[in-house]
Amino acid sequence: MNVLVDFARTGRIGPLHCGMPLTEAEDLLGPGRPHPAIQLIPDIEGYPYAWDGLELSVTRRLVSGISISPRPGSTTKLPSLVLPDSEAYPSTVLREDLLAALDAVGCRHDVNDRLTFGGQSSILTHPANVCAVFFTPHRDEQVPHRERLYLGAIHKHASASDADARA
């Protein structure tokens with residue numbers, strides 16, 4: 001939960017942040033596992049590099065997005081830079097538990113209307129603009145309360161102001 005709250009509050013995961021060169025991220029994390037499209041066309045953009053449960057999107061060899069996608073009812077592995085001394089962690093996070101943790105540290109958040117519809121809900125944190133999306137569990141996800149909303153993804157993408165700051 002601490003990793004998720006820090007990410008939601010700051011838009012960073014440890015030293016990882018949008019706008020950093022992919023080479024620096026790989027220096028910190030080791031070589032990533034590129035999406036198959038990247039393996040076919042090395043300079044293609046918009047496809048993620050993965051390190052277990054962490055994904056980085058890359059545009060012009062810069063990190064343009066950071067994402068963690070936990071699976072409710074299971075465990076997720078993150079690189080040791082992100083979650084030291086851990087092989088895997090429980091990835092079942094209830095919406096109300098994450099919101100309570102954000103409130104406890106004074107991290108403002110609003111409903112993200114663009115991603116709140118049907119059986120899902122989303123929030124956007126301030127000032128970091130990290131998006132968390134919550135879903136009801138899929139059929140194969142073993143959770144105690146099937147009617148509740150669980151974290152399915154938490155991500156940040158570089159904004160136009162991030163790009164302007166780098167220029």
Side-chain angles (χ1 to χ4, degrees), residues 1-72 74-93 98 102 107-110 112-117 120-135 138 141 150-167:
M1 184 65 78
N2 292 340
V3 170
L4 299 174
V5 169
D6 286 346
F7 181 37
R9 207 172 45 78
T10 66
R12 301 171 75 100
I13 296 180
L16 299 174
H17 60 89
C18 288
M20 74 185 304
L22 175 61
T23 54
E24 284 183 27
E26 288 185 314
D27 286 347
L28 294 167
L29 297 166
R33 196 176 63 252
H35 186 278
I38 294 169
Q39 294 172 344
L40 291 172
I41 307 168
D43 288 331
I44 195 169
E45 296 183 344
Y47 292 92
Y49 284 73
W51 289 262
D52 299 318
L54 172 72
E55 290 187 352
L56 301 180
S57 296
V58 177
T59 305
R60 289 181 282 186
R61 308 292 298 162
L62 297 175
V63 173
S64 56
I66 302 171
S67 178
I68 298 173
S69 299
R71 290 207 31 134
S74 66
T75 58
T76 299
K77 185 176 179 189
L78 289 175
S80 60
L81 171 77
V82 176
L83 198 60
D85 302 323
S86 179
E87 284 297 310
Y89 70 96
S91 58
T92 303
V93 178
L98 181 59
L102 294 175
C107 180
R108 292 183 309 117
H109 50 87
D110 294 316
N112 181 357
D113 291 328
R114 291 188 303 166
L115 294 176
T116 298
F117 54 85
Q120 76 178 40
S121 171
S122 178
I123 62 164
L124 194 59
T125 66
H126 303 287
N129 290 323
V130 170
C131 178
V133 184
F134 306 90
F135 305 92
H138 296 106
E141 294 171 335
Y150 293 87
L151 181 64
I154 184 166
H155 57 88
K156 176 171 179 64
H157 296 283
S159 65
S161 61
D162 293 334
D164 292 342
R166 288 189 305 271

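Everything quoted here is computed from the prediction, not taken from an experiment. Just the heavy atoms: all of them, side chains too, but no hydrogens, waters or symmetry mates, feed the values below.
Considering all non-hydrogen atoms of both residues, L22 and V58 come closest at CD1-CG2, 3.9 Å. Closest heavy-atom contact between V63 and A25: CG2-CB, 4.2 Å. Considering all non-hydrogen atoms of both residues, C18 and K156 come closest at SG-O, 3.9 Å. What you find for L54 and L16 is that their closest heavy atoms are CD2-CD1, 3.7 Å. Residue F7 comes nearest to I154 through the heavy atom pair CE2-O, 3.7 Å, listed as atom of the first residue, atom of the second, then distance. Annotation for A153 and L151: closest pair O-CD1, 3.3 Å, computed over non-hydrogen atoms.
Side-chain contact check for D110 versus H126: some heavy-atom pair is nearer than 4.5 Å. Within the 4.5 Å cutoff, no side-chain heavy atoms of C107 are placed close to those of V5. When side chains are defined from C-beta on, F134 does not count as touching V93, because their heavy atoms never get closer than 4.5 Å.
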Could you go through the side-chain contact (heavy atoms from CB on, under 4.5 Å) check for L4 and L102 one step at a time? CA-CA 9 Å; L4 299 174; L102 294 175; over 6 Å; no

Starting from the C-alpha separation in whole Å, work towards a yes-or-no answer on side-chain contact (heavy atoms from CB on, under 4.5 Å) for I68 and H155. CA-CA 6 Å; I68 298 173; H155 57 88; over 6 Å; no

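For T125 (side chain) and V130 (main-chain N/O), a donor-acceptor pair under 3.5 Å exists by modelled atom type. Within the 3.5 Å criterion, the main-chain N or O of L78 finds no donor-acceptor partner in the side chain of W51. Side chain of S122 to main chain of A132: a donor-acceptor pair is present (N/O by atom type, distance under 3.5 Å, no hydrogens or angles). Not one N or O on the side chain of S67 forms a donor-acceptor pair closer than 3.5 Å with the backbone of E55.
From I123, atom CD1 reaches atom OG1 of T116 across 9.5 Å, with rounding to the nearest 0.5 Å. Separating the NE2 atom in H17 from the CD atom in E24 is a distance of 6.5 Å, to the nearest 0.5 Å. Separating the CG atom in L115 from the CZ atom in F135 is a distance of 8.0 Å, to the nearest 0.5 Å. C131 SG to L124 CG: the interatomic distance, rounded to the nearest 0.5 Å, is 6.0 Å. Here the CD1 atom belonging to I13 is positioned 9.5 Å from the CG atom belonging to D6, to the nearest 0.5 angstrom. Rounding to the nearest 0.5 Å places CZ of R61 at 7.5 Å from OG1 of T23.
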